Every structure is written in structure tokens, then in C-alpha cells.
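Below is one structure, written out as C-alpha cells; comments come after it.
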2 protein chains.
Amino acid sequence: MSAEPGSRPAPTLEMVAALAGVSRATVSRVVNGAQSVAPHLAESVEEAVRTLNYVPNRAARTLASRRTHTVTLLVPESTSKVFADPFFATVVEGVTRYLNTTEYMLNIVTSSETDPDKTRRYLMGGNVDGVLVVSHHSGDHSWASLTNSLPVVFAGRPLVNADESYFVEVDNEEGAVAATARLVEGGRRHIGTIAGPQDMPPGVDRLAGWRAALAAGGLDDALVEIGDFTVTSGAAAMRRLLERGKPLDGLFVANDQMAAGAYSVIKEKGLRIPEDIAVVGFDDDYFATSVVPLLTTVHHPISALGEKMAEVLVELIEGRPAARVYRLPTSLVVRDSA
Amino acid sequence: MSAEPGSRPAPTLEMVAALAGVSRATVSRVVNGAQSVAPHLAESVEEAVRTLNYVPNRAARTLASRRTHTVTLLVPESTSKVFADPFFATVVEGVTRYLNTTEYMLNIVTSSETDPDKTRRYLMGGNVDGVLVVSHHSGDHSWASLTNSLPVVFAGRPLVNADESYFVEVDNEEGAVAATARLVEGGRRHIGTIAGPQDMPPGVDRLAGWRAALAAGGLDDALVEIGDFTVTSGAAAMRRLLERGKPLDGLFVANDQMAAGAYSVIKEKGLRIPEDIAVVGFDDDYFATSVVPLLTTVHHPISALGEKMAEVLVELIEGRPAARVYRLPTSLVVRDSA
DNA sequence: TTGTATGCGTTATCAC
DNA sequence: GTGATAACGCATACAA
């Protein structure tokens, strides 16, 4: 039939050596790009490789060199939903983009909540060279202990012990400053914010950025309501903000989903965007372009985050120095809401 | 410091054997669940495994057994966009869901258009046990030749030589029949369709289903326009349909995106959905719930598709029989448009 | 620079 | 049932 596994056995290093008339060691050197090989020998080895269609056996190589050339992308969340999540998918995209420039393979594992210990043992069992940890609770560094036996790079800064692990984060504060500054420069004087959870770094940093920008503009920073990054929490927070009865002509919302929630309440009250209240969001996700008027927001470089994480991990694996923290810049995307 | 790679070497089978006071062979048997081991020995081996926190070395196991326990998900499209694609992401979700019940690892590779040959050699080099091919052009079976050296399962039926490869597809025709039947049963008598490209199986099958349902209802099937599955093509096709000047009170659109396009034209003409024209889509994707009125559509079981593909592949790898074709059932999701 | 020899951690084929 | 022992395909000290 067709799919007889092992129909024609794969060529081995030994076969290449025989055909090229050299030793296996020499073939190994050529294949691994060592310089100490006579040009004419290297030439004939390469020819043999081509005619035999030789490709190194990964398992054998790993066993002999104790380097797997594999990195794991660890997703702590439950399997079912992560892949549908655009954040996660975009991180993966960035990771693979970088990895494709190297010879490392990506191995995605969603740590089964049924048996996290199995995952841990797999990772520490010498089956991978390094680990990338991506979680939505970016404060969650429950896998930090892995660092003792393996290079690990996290997505996002941990809430505590930030100086003990390698991580890449987006400069949330800078983004929030830019967003708020846009409001200030637009002439708004009564600027509120719908902040994110204060037990997550992005929630904290974005609020801090808003405060900093207001302070720079000599404005009052009393109009704060907290949400949990969901659309409905954004709507509820907006309602509370309006009920205060204070003047409000500008609003910075810590993410686009909450901004969408705020939109609905603002419209419901008969207020106009941006005429009555100018709004700036954060993330530049799908919601930013599916609301009317189009949301002015801060672009969150998710793909770049994944790319940088992979880059740092590979540096670590190969023993090159790397900074413990990388903070990625954001950029303001001006649309119609502010 | 912290991330010294190889700080404490992983325990080996040999260490377990020593601790348990048996031979390596016995440990191997216990670890692999062989029955021919005395209970008390198995017991002590398992204890040794626990105390040592032993986990088998994947590379060594692969090298010795010539089975990698790895399957590749091959994505022919260019790296940049696939991950953001909900279809792809959902297939991955289904695949991992099944694989998590086995001991196979998933290895995602996006065949670099720069060097497809490299990918091919990697796959045929004995580095994976099987391949899953996912492409949006489901007719594209350019990787069919892989089947000669490896078990391969495709997503979607190929346009030609459908009896030479293993594939899992969704029952597009059945879905289209159900969608159209809904229209017929709703009393519609002038039912048109916006079909997909006729060089792709889904495009062909959905059109065929529409025809079959109309025939069953004794209705005319002249109102056909072709689109290319994009929103704009849907709008254009709708415009052409309306320009025919024929009566039209029901519409089956071959996917939700084109339905969204049709919506805009229908509304632009001052017609109402579903009062003037009842609409049924196909896919049940994001667009179905982001249009007003909510779209009645056929649910496309993408996650199940991935799950089934993985299941079939594993069957093939382990030498068990599997059907060449699996056709997954769809279901009608009734909302407000029909 | 090139070749020889050994070992990587398992599985598998034998005898026992 | 259990234990030696030989592969598995490659990298790498070491010798030449």
C-alpha cells in the first residue's frame, strides 16, 4: 500500500561517509559546519549528502550532544480555549517567526491541569532546551521554579520577585502616558480612567501611566474606576463614573474590550464620542475597529513580544548573555474617538 | 546562578534499575507497561521511579525504538498569518485535545516557502511518525507524495484522486441541504444562493446541497451567483442577484463572511431580513454573531475536524485500520435571519 | 586536518 | 519472568 512506515530506510551519516570516501567524523563536521575541513573533502561530502538526500537523525543527534534543539511553549491555561484566543495565537506567531530563523523546533504543551507534575517532569527530564511561559495572568509565575533546571522566559513581569526571572513585557506605562497625553493635548481637562485589575502588572502600570500624564499636565486624577478587562465590567465602570456627576470630557480605558463596554453606556446616556467625551483604549485588538467611532488606542505589540521571548530564550540556551528584562515600546494608533 | 543547563543530570533508567535492584530491561518493561513482570518487582521499580523522579529520555527511546511519538501539523501557508486565523487555531485546538489523550507530541511546522524541500526532507528523515496537513485551499494536496513514506491525514477532500489519501472532511452538502430546507420549510419559494469557488470542494458541495434541497422541494434553482468566500465578493454577488429583477425571498450563502457582505447590500436596498429575504449562512464563525439580525447558519465543526484528523493519524501510525474518509456532521444554528 | 573509538539512554533479541 | 548484550545514529574527546 502507500503508507508503509519505514519503506525506504533513511540514509545515515555512515552511508554518506562511505559514498564520500571519508570517515563519519568528517561528515559530522561538514554537516555541523565546522571549518577545519579541507575544501575538497567538504565538497564531496556535500555532494554525497545531496545525492543521498541525507538529513541528520534528530534523536541520535540529541542523544549524543545532549542538546535537543527544542523549546517548549508552555500554556498553563486549560486546553480548550487558549487557541481561540487571539493573544495567544499572536504570541505563537511571533515565536515561530523567530524560531524559523534558527534550528530550534517549537513544541507547544498545555499543562494538563489533571497532571501538572507530568508536565514538570517532562520539562525537567532533559527533553527540551528551554521553556517559554505564556499566561494571561501575567503575574502568575507558578512555573518559576523551572528556572532552577532550565532557561525559562516569561511573558510579562511577575508581581513579585521580578528580579529573579527573565521576562519580556510591553511598556504599559509608556503606552498609557501616550494615550492620556493625546487627551490632554486635545484640550480635555476632566480626564477619567477605567483601570484594569490592580493585582496584574498591566492593570497597575496602565493606571500609573494615566496618573503620570495627568500630573505632567497639572490635572486632577480622581476619576478612577476599576474593571476586570471584560466588556461588561467596562460598561459598569463607565456607569459608576458618570454617576459621580463630575465633569468628564476625556477617558482612558485600560483595554479595548472595556472601552467597548464604556461606549455602549456613553451612547445610552446620549453623549457623543469624541465631542462630549474623547476615548482612548489600549491593545489595538479586534474591538478597536469594530466599534463606532473607530477607537483611538495604544498598539500592543503581541507578535513582537513572542518574537523577543524566543530570541532571549535562544540566547540563554546558547550561553550568551541576555538582559533579565526587555520592555517593548508601544505606539498610539489614532482613529476617530480622540 | 539559576539557569545552569544541566545542573542536576536527569535520572536514567540505569539509576532506577540500581535503586530497585533489578536489571535495566525490567525497568524498561515496567515503564512501558509490559505484563510479564512479577508484581513485587514492578512495585519496587515504580517506587524507585517515584523517588528518583525518573522520566524516560525521549531521544534515547526514539533512537532505540525508531518511533518518535511525534506528529507534525504541517501548515503550507506563509507563516505570518496562519496563527491569527481562527480556522487554523481551532483545528490546532482539536488536534491537541486528542493528542493529549495519547503520548504523542505535536510539532507545528509552517513549511517555509523559501525552502519547501527542507521541510520535506525533515519529514521524510524519520523525525516524525506522521503528518497532518491543514490548508485553506483544501483542494491542495501538493504534499500528497509524503504518503509514500509516512502516514498522512489531510483536512478536507482533494479535488482529484480523492481515493488515494486519508482525509477528514465536513459534510458540506448535508449542511447546505439543511440550511436550504430551513428556507423551504419557512415558506420561501424563490430561493437564491451565493456559492463559493467551484474549484474547491466546499464551494462545490455547498452548491450541490442547495440544488438538492430545492429539487426536493420542487423549486427553481436558477438564482446562483458565485463569490470567493470574502465579504466583498458576497456583497458583489448579492448585487448581481438583485439586479436580475427576479423574485427573491430566501438566500443560502456558502459562508458567513459572504453573508455579511450580502447583508449590507440587502439593507442598502431597503429590504428587511428576514421579512423580505430570509438568509442562512454556513460556518457559524465570528461573523454570524456580529451582524444584525443574528445569522442563522450551519455550524462547521472545525475543532472536531482537528480531533478526528489526529485520531485517524494515530490509528494509522499504530498500524490499526482506518477509513480513508471521515465525513463530519454539521448542525443548523437557528438565530434571527431565517 | 582527519580518523578512531567511546558513549549518549533506550529498546529489543536473545539466552537463561 | 529476568537479565545480559547488541544495536539505534550521531557527536566528540583523543590520537595520529
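None of these values were measured; they are calculated from a predicted model. Heavy atoms only: backbone and side chains are in, while hydrogens, waters and symmetry mates are out. The chains referred to below are lettered A, B, ... by the order of the sequence lines, with proteins before strands, and numbering in each begins at 1.
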Take B/Glu93 and B/Arg97, measure what salt bridge (charged side-chain N to carboxylate O under 4.0 Å, His left out) needs, and give me the verdict at the end. CA-CA 6 Å; B/Glu93 191 251 297; B/Arg97 184 144 41 84; 3.0 Å; yes
With heavy-atom distances below 4.5 Å as the criterion, would you say the side chains of [X] and [Y] are in contact?
X        : Y        : result
A/Arg58  : A/Thr70  : yes
B/Leu52  : B/Met15  : yes
A/Val128 : A/Asn107 : yes
B/Thr72  : B/Leu123 : yes
B/Val153 : B/Val133 : no

How large an angle, rounded to 10°, do the end axes of the helix from C/dT1-D/dA16 to C/dC16-D/dG1 enclose when each is built from five base pairs? 30°
Using a 6.0 Å distance limit plus a 45 degree cone around the ring axis, check whether A/Arg157 lies over the aromatic ring of A/Phe167. no
I need a per-nucleotide contact map over nucleotides 6-16 of chain D, read 5' to 3'. Cutoff is protein heavy atoms under 4.0 Å; write B for the base, S for backbone only, - otherwise. B-BBBBBB---
Would B/Glu311 and B/Lys308 pass as an ion pair if we require N to O under 4.0 Å? yes
A/Ser23 side chain near C/dG3 phosphate (N/O to OP1/OP2, under 4.0 Å): yes
